[in-house]
Amino acid sequence: MRISERVQGFTESVIREMTRVVALHGGVNLAQGMPDFPPPREVVEAAHRALDGEFHQYAITWGAPRLRRAIADKYRKLYGMDVDPDRHVTVCCGSTETMLSTLLAVLNPGDQIIIFEPFYENYGPGCIIAGAEPVWVPLTAPEFTFDPDRLRRAVSPRTRAIVFNTPNNPSGKVFSRPELETIADVCLAHDLIAITDEIYEHIVFDGLGHTPIATLPGMADRTVTISGISKSYSVTGWRVGYAVAPPDISVGIRRAHDFVTVGAPHPLQEAAVTALTLPDSYYVWLREMYQAKRDLLLGSLKDAGFVTFTPHGAYYILTEVGHFLERYGIADDAAFAMWLVKEVGVATVPGSSFYAHAELGRTKIRFCFPKTDDVLREAGERLQKLSR
Ligand code: GLN
């Protein structure tokens with residue numbers, strides 16, 4: 001074997017594999033979570049201007065000054081957080097690299113890190129790269145709540161941090177204030193760092209808001225808040241993400257980031273300033289647009305006979321498909337996802353992609369809905385085959 005044990009431990013991303021499979025068979029891609037519609041015009045125009053400008057060489061490693069200022073302003077305006085662009089903010093290549101650089105910055109080999117399960121699939125390999133051991137705490141359907149005692153019991157003398165994602169991919173869970181308080185209490189009691197992936201912060205439904213755990217008492221000094229422009233402005237290919245962290249941890253994140261990627265694309269960092277300064281009405285539109293898409297897909301899935309968990313944020317719907325597996329004699333979620341692409345023409349992601357304990361995802365399938373209404377309707381019609 002000529003590849004390292006480290007990468008042997010990575011499973012291929014089924015999310016991206018599904019995108020390839022659906023291209024082969026034709027059909028509707030509700031697998032990889034990315035919009036099939038364009039970003040806001042102003043943001044694209046800002047990128048054109050940046051490319052015509054003077055931004056072709058490296059930006060400052062930890063982020064172009066204008067962008068770090070815009071990020072600090074955003075956190076102050078939206079959440080009342082006291083963020084210093086020079087000491088607290090690091091810009092990376094997407095929130096995925098931000099998460100990796102953060103894990104490299106805070107974890108020593110052998111440390112433990114608590115991760116809520118189901119989780120976004122990149123966190124697993126991130127821990128392997130950092131040499132840390134993930135300890136899983138279940139979020140239980142239908143509301144994906146966790147047992148506070150289970151969380152407390154997961155802490156050991158080797159625990160360094162807790163990672164979670166709110167709004168959550170794949171479940172659509174939005175952590176409630178009492179849940180955030182429970183996590184904060186555990187962090188404060190055991191001197192742990194909270195690492196939160198808040199990339200879907202602007203995509204929340206049903207009148208809910210978004211609360212960064214960094215705003216809870218005592219938490220600003222022990223939280224790394226991660227977000228980025230991918231999902232809020234429909235530019236997942238731009239790869240601009242960022243972390244807000246206390247100064248000592250920021251130094252660590254910047255060191256890791258410097259040697260992992262040097263920096264995020266400079267012109268796109270400049271254009272990201274325009275994105276971050278869009279008017280409030282943009283976010284109202286975004287939420288309403290996605291809530292309508294959620295309702296559209298949710299309706300089709302229910303009509304087709306899926307057992308659905310209603311997401312309160314992000315742009316995915318997790319479903320329960322055990323009864324379909326029985327009816328069609330299909331072994332598990334992966335086989336069902338493959339069958340759905342080939343027989344029905346809809347690509348999805350098998351639930352086990354989001355669980356370290358694969359059996360917990362064996363009867364689950366994730367759909368995504370950042371797609372035009374026509375595409376969602378087309379998928380809905382195809383899926384009605386299952387109701388017959
Ligand atoms: N976050 C998106 C998803 O969960 C994209 C995943 C990826 O390809 N990195 O589908």
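Heavy-atom basis, side chains included; hydrogens, waters and symmetry copies ignored. Atoms within each ligand, like the ligands themselves, are counted from 1 in listed order. This is a predicted model, so every value here is computed, not measured.
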**Prompt:** Can you find an N or O of G33 that's nearer than 3.5 Å to an N or O of ligand 1?
**Reply:** yes
**Request:** Check ligand 1 against R366 and write out every atom of the ligand that is under 4.0 Å from a heavy-atom position of the residue.
**Result:** 3 (C), 4 (O), 10 (O)
**Request:** Starting from atom 1 (N) of ligand 1, locate the nearest protein heavy atom and write down its residue, its atom name and how far away it is, to 0.1 Å.
**Result:** K231 NZ, 3.0 Å
**Fill in**
For residues 37-68, the ring pair (Phe, Tyr, Trp, His ring centres under 6.0 Å) pairs (sequence neighbours left out) are F55-H266
**Asked** Is it the side chain, the backbone, both or neither of R16 that has a heavy atom closer than 4.0 Å to ligand 1?
**Response** side chain
**Asked** Side chain, backbone, both or neither: which part of N122 comes within less than 4.0 Å of ligand 1 when only heavy atoms are counted?
**Response** neither
**Message:** Restricting to non-hydrogen atoms, name the atom on L104 and the atom on A130 that form the minimum distance, rounded to 0.1 Å.
**Reply:** CD2-CA, 4.0 Å
**Request:** Please work out which of the three classes, parallel, tilted or perpendicular, describes the rings of F369 and F205, given edges at 30° and 60°.
**Result:** tilted
**Request:** Could you find the nearest protein heavy atom to atom 3 (C) of ligand 1 and give me its residue, atom name and distance?
**Result:** Y316 OH, 3.2 Å
**Message:** Show me which atoms of ligand 1 lie under 4.0 Å from any heavy atom of Y200.
**Reply:** 1 (N)
**Request:** Apply the side-chain hydrogen bond (donor to acceptor under 3.5 Å, both in side chains) test between Y79 and each candidate in E201, K74, E198; give the one that qualifies.
**Result:** E201
**Asked** How does F354 reach ligand 1, by side chain, by backbone, by both or by neither, if only non-hydrogen atoms under 4.0 Å count?
**Response** neither
**Request:** Would you mind checking which non-hydrogen protein atom is closest to atom 6 (C) of ligand 1, with the distance to 0.1 Å?
**Result:** Y120 OH, 3.3 Å
**Item:** G33 to R366 - nearest heavy-atom pair and separation
**Value:** N-NH2, 3.9 Å
**Proximal ligand 1 atoms for N169, defined as those under 4.0 Å from one of its heavy atoms** = 1 (N), 3 (C), 4 (O)
**Message:** For T236, give me all partners under side chain to side chain contact (heavy atoms under 4.5 Å, CB included), at least two apart in sequence or on another chain.
**Reply:** M34, P35, S230, K231, Y315
**Candidates T159, L103, V106, L192 - the one meeting side-chain contact (heavy atoms from CB on, under 4.5 Å) with I113** = L103
